[in-house]
Participant: 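Submitted below is the structure of interest, expressed as structure tokens.
Chain letters run A, B, ... following the sequence lines, proteins first, then strands; residues in each count from 1.
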Amino acid sequence: AQSVTQLGSHVSVSEGALVLLRCNYSSSVPPYLFWYVQYPNQGLQLLLKYTTGATLVKGINGFEAEFKKSETSFHLTKPSAHMSDAAEYFCAVSDPRGANSKLTFGKGITLSVRP
Amino acid sequence: ETGVTQSPTHLIKTRGQQVTLRCSSQSGHNTVSWYQQALGQGPQFIFQYYREEENGRGNFPPRFSGLQFPNYSSELNVNALELDDSALYLCASSSLAGGYEQYFGPGTRLTVT
């Protein structure tokens, strides 16, 4: 079985500061990894994904994440936070060898951005 | 290109009733997955449909059932509603059954009283 751990439920940063949202996963096979963002009263929007190849992946809105197999981590970063980044962020994992492409999500992290 | 759409947006039902939620997949996608997102939690996988067949199910009781139609749209049916079924129900479509990113609809907010 796969699982995702997102430590802490809330992160607060100042506008212009570095954003770092942590994600650790558990998987018996090399996983596919995803970060999604959810704005209030909306569905989930894909920020970026890792499947194979380059371990540093770039996504939309200036976000990027690095797959570190040795640390079983896939932390999300952004060099400079904008007010519009305030939202809920979910890390998710799927099994590329599984019979289906179901996503297993973490509990999510709420990002607040202070002016 | 039309994205994933869901209807209705909001729904209020009474315990014991039945509900049907609908989802239209993104153009070109043949796989639909349903997730339940309780307040303050991450989405939980309910089941997935691929070419009109169930293709995997999460830890949900049989009163949660689904359908996929030839145009790849889908329904989620929940019988004998319980208070704990109150949640945001998300539909996601994807282009293949394995390992590809899923595109989510805006969700249906179900409240059971």
Side-chain angles (χ1 to χ4, degrees), chain A residues 1-10 21-25 27 29-53 57 59-60 65 74 87-110, chain B residues 3-7 9-10 21 23-26 29-51 53-60 66 68 87-111:
Chain A
Q2 298 180 307
S3 66
V4 171
T5 301
Q6 294 184 251
L7 290 178
S9 60
H10 187 219
L21 304 181
R22 299 179 186 274
C23 172
N24 289 90
Y25 68 90
S27 178
V29 300
Y32 286 175
L33 294 159
F34 307 84
W35 275 99
Y36 283 86
V37 61
Q38 186 176 36
Y39 297 99
N41 300 314
Q42 294 188 25
L44 278 69
Q45 180 183 9
L46 180 67
L47 278 177
L48 48 79
K49 69 180 193 284
Y50 169 79
T51 54
T52 58
V57 293
I60 63 171
F74 190 57
E88 187 89 11
Y89 291 80
F90 294 94
C91 180
V93 62
S94 73
D95 178 359
R97 303 180 194 177
N100 60 64
S101 56
K102 73 170 187 176
L103 293 169
T104 299
F105 286 88
K107 291 186 176 182
I109 298 175
T110 301
Chain B
V4 179
T5 60
Q6 293 185 243
S7 62
T9 305
H10 295 88
L21 310 181
C23 170
S24 292
S25 61
Q26 186 168 310
H29 288 180
N30 57 13
T31 301
V32 172
S33 303
W34 286 92
Y35 294 83
Q36 180 195 65
Q37 185 179 17
L39 200 61
Q41 301 294 318
Q44 298 285 318
F45 176 72
I46 303 175
F47 43 57
Q48 182 177 90
Y49 278 83
Y50 172 59
R51 293 184 174 177
E53 297 288 332
E54 186 176 288
N55 183 40
R57 186 180 185 93
N59 188 27
F60 281 81
Q68 188 179 32
L88 181 67
Y89 288 85
L90 295 164
C91 168
S93 74
S94 52
S95 60
L96 290 173
Y100 288 76
E101 63 262 31
Q102 298 181 21
Y103 294 86
F104 284 80
T108 293
R109 172 73 63 187
L110 173 64
T111 301

Participant: Can you check whether A:Phe90 reaches B:Gln41 side chain to side chain, under 4.5 Å on heavy atoms?
Facilitator: no
Participant: Tell me if the CD1 atom of A:Ile60 is crowded by more than 12 foreign heavy atoms within 6.0 Å.
Facilitator: yes
Participant: Could you check whether B:Phe45 and A:Phe105 have their ring centres less than 6.0 Å apart?
Facilitator: no
Participant: Is chain B contacted by the side chain of A:Leu46, its backbone, both, or neither, given a heavy-atom distance below 4.5 Å?
Facilitator: side chain
Participant: Report the distance from atom CD of B:Gln102 to atom OG of A:Ser94, rounding to the nearest 0.5 Å.
Facilitator: 7.5 Å
Participant: So, does A:Glu88 use its side chain to make a donor-acceptor pair with the main chain of B:Gly40 at under 3.5 Å?
Facilitator: no
Participant: Do B:Phe104 and A:Gln45 have side-chain heavy atoms sitting under 4.5 Å apart?
Facilitator: no
Participant: Working to the nearest 0.5 Å, report the span between CG of A:Leu103 and CD of B:Gln44.
Facilitator: 11.5 Å
Participant: Which one wins on heavy-atom pair count under 4.5 Å against chain A: B:Pro106, B:Pro43, B:Gly105, B:Gly42?
Facilitator: B:Pro43
Participant: Please classify the contact of B:Gln37 with chain A as side chain, backbone, both or neither, using a heavy-atom distance under 4.5 Å.
Facilitator: side chain
Participant: Given that the side chain runs from C-beta out, which part of A:Gln38 has a heavy atom under 4.5 Å from chain B: side chain, backbone, both or neither?
Facilitator: side chain
Participant: When heavy-atom pairs shorter than 4.5 Å are enumerated against chain B, which of A:Val4, A:Thr104, A:Leu44 gives the highest number?
Facilitator: A:Leu44
Participant: I need the A:Asn41 CG to B:Arg109 CZ distance, nearest 0.5 Å.
Facilitator: 7.0 Å
Participant: Quick check: does any side chain N or O of B:Tyr35 sit under 3.5 Å from a backbone N or O of A:Lys102, one acting as donor and the other as acceptor?
Facilitator: no
Participant: Of the options B:Arg57, B:Gln48, B:Glu54, which is the one that meets A:Asn100 in a side-chain contact (heavy atoms from CB on, under 4.5 Å)?
Facilitator: B:Gln48
Participant: Would you say B:Gln36 has more than 12 foreign heavy atoms packed within less than 6.0 Å of its CD?
Facilitator: yes
